[in-house]
Amino acid sequence: MTSPAPVSVSIDPVELAQALIRRPSVTPADEGAMDVLQRQLEGLGFTCRRMKFGEIENLYAKRGTARPNLCFAGHTDVVPVGDDAAWTAGPFEAEIKDGVLYGRGAVDMKSAIAAFVSAVAHTEEVPGSISFLITGDEEGVAEDGTVKVVEALAAEGEIIDHCIVGEPTSASLLGDMVKIGRRGSINAWIAVDGRQGHVAYPHRAANPIPVMVDILSRLQARVLDDGYTGFQPSNLEVTTVDVGNPATNVIPASAKARINIRFNPAHKGKDLAAWIEQECREAAEGFSGRVEALCKISGEAFLTEPGAFTDVIVGAVGDATGRVPELSTTGGTSDARFIRALCPVVEFGLVGSTMHQVDERVPVEEVRQLAGAYTALIRRYFEAFSG
């Protein structure tokens with residue numbers, strides 16, 4: 001069974017991007033952004049299912065019942081605007097100046113959502129299904145968004161064969177880079193509780209600082225690895241150390257620190273957590289106070305091996321831009337780390353140089369060019385995978 005014949009409409013990706021940007025959906029707020037998208041998709045014959053977890057709006061929309069099912073994933077939530085007065089145009093006005101669209105979410109990633117919707121509108125009947133997995137919880141804690149939708153779909157037996165995530169992966173020029181994997185991430189909160197006292201009477205106190213220094217030294221002394229095929233070396237960074245002691249003659253009662261490790265597939269998050277906890281235990285030997293480490297794995301490392309699916313993406317980028325993209329695993333985490341539990345996933349979108357900045361912006365022609373690339377992607381995908 002093929003998907004229903006598409007409704008004959010034309011959707012301008014720039015106009016739809018503007019409509020989405022004008023919804024001030026600063027995470028975790030939705031402010032009607034999901035409604036704007038749902039109306040467009042229903043007009044294209046999609047069956048839309050709102051999946052709300054906690055206060056987060058999520059949407060799974062699908063047209064067709066047959067396989068293969070090609071999914072586009074993205075998010076409608078955006079980061080705060082910063083200094084509103086510093087913007088060239090209002091961050092939620094979606095104004096176009098000299099051919100450039102300004103607004104929070106213009107790059108990350110409402111324009112990509114609009115571009116894929118436009119691509120679907122321009123796509124003839126396909127031998128399979130097309131779906132959208134859109135969350136309002138990517139820029140925040142990411143606990144009630146894509147991860148929950150993925151869990152629910154998996155429990156129901158819903159099959160997604162391949163997924164393209166519309167994150168702004170291009171580095172300098174549209175189509176110069178796509179992401180085929182990501183490093184994992186683990187955060188650790190380390191607390192050392194001692195006993196406050198006078199610096200002249202250290203035997204009456206238990207200074208937490210030397211223990212904390214020892215812990216951090218132990219952690220930083222290890223070379224995690226020298227890299228992994230397709231990945232840069234893993235790195236550990238100390239992101240904060242806090243004692244909160246304004247006095248010069250007081251031994252403080254506690255010291256706190258936080259670290260983050262970005263790791264490649266040479267490691268598993270649970271193994272790194274166990275190592276951090278072990279180093280804390282060893283540093284605490286002989287200390288009369290308490291040492292605690294709380295570790296949270298926000299994503300495991302993953303790689304979509306180059307093959308037929310990445311060939312589809314590379315070919316589509318070439319069709320639209322004439323470029324051969326680099327297949328990269330650089331950068332931070334994205335919701336692809338959750339979707340990988342369902343299917344192979346690749347990320348491709350706009351140039352990300354202004355994302356999260358004041359004056360986030362994108363040339364309107366690049367939005368249209370991205371829509372063209374997505375149109376070619378859909379065509380090439382079903383030629384390659386529909387059997």
Side-chain angles (χ1 to χ4, degrees), residues 20 23-42 46-63 65 69-80 105 108-110 112-113 116-117 129-167 179 181-187 260 268-270 273 294-302 304 331-347 349:
L20 290 169
R23 299 292 179 168
S25 51
V26 176
T27 194
D30 173 66
E31 300 296 339
M34 211 68 77
D35 291 337
V36 170
L37 178 59
Q38 181 171 339
R39 284 195 295 271
Q40 292 289 342
L41 292 177
E42 287 177 340
F46 280 78
T47 299
C48 294
R49 176 183 175 190
R50 295 289 274 270
M51 303 174 73
K52 190 169 184 177
F53 299 101
E55 297 302 312
I56 300 299
E57 292 285 353
N58 302 285
L59 172 68
Y60 182 64
K62 187 177 180 182
R63 189 173 73 188
T65 57
N69 177 9
L70 173 64
C71 182
F72 175 87
H75 61 91
T76 53
D77 63 321
V78 298
V79 298
D108 189 14
M109 56 166 284
K110 291 180 174 180
I113 295 173
F116 205 88
V117 173
S129 305
I130 299 176
S131 57
F132 284 77
L133 195 168
I134 308 296
T135 184
D137 186 35
E138 197 271 351
E139 299 289 8
V141 295
E143 293 179 349
D144 289 321
T146 300
V147 63
K148 290 285 183 66
V149 177
V150 166
E151 290 171 355
L153 294 178
E156 295 167 4
E158 176 71 4
I159 296 175
I160 296 174
D161 291 281
H162 295 88
C163 183
I164 178 79
V165 180
E167 287 290 341
K179 299 293 177 72
R182 295 277 189 165
R183 292 189 297 172
S185 177
I186 180 172
N187 288 293
N260 176 268
K268 294 294 184 183
K270 63 180 178 62
L294 173 63
C295 298
K296 182 176 181 181
I297 302 162
S298 55
E300 297 285 353
F302 74 93
T304 297
T333 59
S334 75
D335 276 1
R337 69 191 190 274
F338 305 127
I339 298 166
R340 65 182 286 270
L342 291 177
C343 65
V345 57
V346 172
E347 302 170 62

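Checked against ring-ring contact (aromatic ring centres under 6.0 Å, His included), F338 has no partners two or more places apart in sequence or in another chain. Every side chain to side chain contact (heavy atoms under 4.5 Å, CB included) that K270 has, sequence neighbours left out, goes to K268. Among residues two or more places apart in sequence or in another chain, the ring-ring contact (aromatic ring centres under 6.0 Å, His included) test is passed with Y60 by none. Contacts of V36 classified as side chain to side chain contact (heavy atoms under 4.5 Å, CB included), with partners at least two apart in sequence or in another chain: L16, A19, L20, R23, R39. Considering only residues two or more places apart in sequence or on other chains, F132 meets the ring-ring contact (aromatic ring centres under 6.0 Å, His included) condition with F46, F72, F116.
Here L59 contributes atom CG and I113 contributes atom CD1; the two are 9.5 Å apart, rounded to the nearest 0.5 Å. In this structure, CG on L294 lies 9.5 Å from CG on N187, to the nearest 0.5 angstrom. Separating the OG atom in S129 from the CZ atom in R63 is a distance of 10.0 Å, to the nearest 0.5 Å. Separation of atoms CG (L37) and CD (E42) is listed at 10.0 Å; rounding is to 0.5 Å. Here the CD1 atom belonging to I130 is positioned 11.5 Å from the NZ atom belonging to K62, to the nearest 0.5 angstrom. In this structure, CZ in R337 is found 5.5 Å from OG in S298, a value given to the nearest 0.5 Å.
Checked against P344 for a side-chain contact (heavy atoms from CB on, under 4.5 Å), the options T304, I160, D161 give a single hit: T304. None of D144, V150, V149 except one satisfies the side-chain contact (heavy atoms from CB on, under 4.5 Å) rule with T146; the exception is V150.
When side chains are defined from C-beta on, N69 counts as touching E158, because their heavy atoms get closer than 4.5 Å. Annotation: side chain of M34 is in contact with side chain of R50 (closest heavy-atom distance under 4.5 Å). At a threshold of 4.5 Å between non-hydrogen side-chain atoms, the residues Q38 and I134 do not count as touching. Residues M51 and K148 are not in side-chain contact: their nearest non-hydrogen atoms beyond the backbone lie 4.5 Å or more apart. At least one side-chain heavy atom of H75 sits under 4.5 Å from a side-chain heavy atom of D108. A heavy-atom distance below 4.5 Å is found between the side chains of S25 and K110.
Across all non-hydrogen atoms, the minimal contact from G105 to V78 is CA-CG1, 3.7 Å. Here the closest non-hydrogen pair linking G269 and I186 is O-CD1, 3.7 Å. Annotation for I56 and G145: closest pair CG2-CA, 4.4 Å, computed over non-hydrogen atoms. Residues G136 and T27 come closest through the heavy atom pair O-OG1, 3.8 Å.
Checked by atom type, the side-chain pair T135/D77 shows no donor-acceptor distance below 3.5 Å. Using modelled atom types and a 3.5 Å distance limit, the side chains of K179 and S334 yield no donor-acceptor pair.
Side-chain atoms of D137 come within 3.5 Å of backbone atoms of E143 as a donor-acceptor pair (strictly under, hydrogens ignored).
Sequence neighbours left out, the pairs with a member in residues 137-163 that pass ring-ring contact (aromatic ring centres under 6.0 Å, His included) are H162-F309, H162-Y381, H162-F385.
Enclosure of atom CD in E151 by more than 12 non-hydrogen atoms of other residues, nucleotides or ligands within 6.0 angstrom is indicated.
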Exercise. For side-chain contact (heavy atoms from CB on, under 4.5 Å), just list the numbers for E347 and I339, CA-CA rounded to whole Å, side-chain angles, deciding distance to a tenth of an Å, and then say yes or no.
Key: CA-CA 11 Å; E347 302 170 62; I339 298 166; over 6 Å; no

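Between D335 and R182, none of the side-chain N atoms (NZ, or NE/NH1/NH2) sits under 4.0 Å from a carboxylate O, so this pair counts as no salt bridge.
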